[in-house]
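Let me begin by presenting the structure, written as structure tokens, before commenting on it.
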Amino acid sequence: MLIIHTITELRAWRQQNKRVALVPTMGNLHEGHLSLVRAAKAHADAVVVSIFVNRIQFGIGEDFDQYPRTLEQDIEKLIAEGADVVFVPAENELYPNGIQRYFVEPPAIQNELCGRSRPGHFRGVATVVTKLFNIVQPDVACFGKKDYQQLAVIKGMVQDLNMNIEIIPVEIERAKTGLALSSRNGYLTDKERVQAAQLSARLQAIAKAIAEGNKDFAALENSAVTYLQQHGWQVDYIEVRQAQTLTKAQITDNDLVIVAAAVLGTTRLIDNIEVHLSHSK
Ligand code: PAF
């Protein structure tokens, strides 16, 4: 596996390769990321994994400095998984002198759900992903469904800006307890890690109720919020949304996603579950 630090080297490598898949990450790789690498391998001749903790997608007071940086272990995992290139640009390589003057501005969805408490986050994501796309020029790029709103923003961006890149959504990897894998799980204490499974359990309960015909989305959302609050969580949102557009779910919608963000202790966790109803319901 090649370890590439500069845009020039990456571009030279790209010219010698046919169908390339990109897996953009911020490192601290876990089984969720590795499943993205496996999906990427199935769709291309060569796989590039980028590792870059992108300052401009973190808000003031968020965990940019604290974000786990584990490059050596990440490289070992990527070698074992058979990635071809790991692209690890220094901050100055992507943002020379700390400057980015042009940004990719997502539409109103960037201010909803996670965007309400993370202003500017999706603009930072869309901008760095565009830069990575322009550098790597991949044919396909893999993104996890765990970051459902991020995936929707990227899919919309690729479509609206006519980027010739196929976006492959990859299913969430979960611990045995149901907890969605995330680099931020490392912030949880042992006790919190056990309790954290309550989030996915509440989403499962809503999904089951909807699949059984309950369309009172507001009541389902409220009861999950109340349950989690009673168990010590600070809930940011739990909402049933239309899966493709992330607009508010209507009772006539069949493709739904239940999205959630909540804080346990000092750790903000996100999760979601899709519900696809048969069209006769
Ligand atoms: O999902 C992530 O790890 C990041 O948001 C991404 C897509 C690598 C952009 O920095």
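All residue numbers refer to positions in the sequence shown, counting from 1. In what follows, every heavy atom counts, from backbone to side chain, and hydrogens, waters and symmetry copies are set aside. Whatever order the structure lists ligands and atoms in, that order sets their numbers, starting from 1.
Under a 4.0 Å criterion applied to the non-hydrogen atoms of V128, ligand 1 contributes the atoms 9 (C), 10 (O). Close contacts between ligand 1 and Q57 involve ligand atoms 4 (C), 5 (O), 9 (C), 10 (O) [criterion: under 4.0 Å to a heavy atom]. Distances below 4.0 Å separate heavy atoms of T25 from the following atoms of ligand 1: 8 (C). Taking a cut-off of under 4.0 Å to the non-hydrogen atoms of Q150, the atoms of ligand 1 that pass are 1 (O), 2 (C), 4 (C), 5 (O), 7 (C). Within ligand 1, the atoms closer than 4.0 Å to a non-hydrogen atom of P24 are 8 (C), numbered from 1 in the order shown.
In this structure, of K131, M26, H33, the residue bringing a heavy atom nearest to atom 3 (O) of ligand 1 is M26.
Between the R241 side chain and the L246 main chain, a donor and an acceptor come within less than 3.5 Å of each other.
Residues L132 and V49 do not share a hydrophobic cluster, defined by chaining ILVMFWY side chains whose heavy atoms lie under 4.5 Å apart.
Of the residues I238, V259, L203, the one that meets the side chain to side chain contact (heavy atoms under 4.5 Å, CB included) test with D271 is L203.
For the pair P138/F133, a side-chain contact is recorded, criterion being any heavy-atom separation below 4.5 Å from C-beta on.
Q57 approaches H121 most closely through the heavy-atom pair O-ND1, 2.8 Å.
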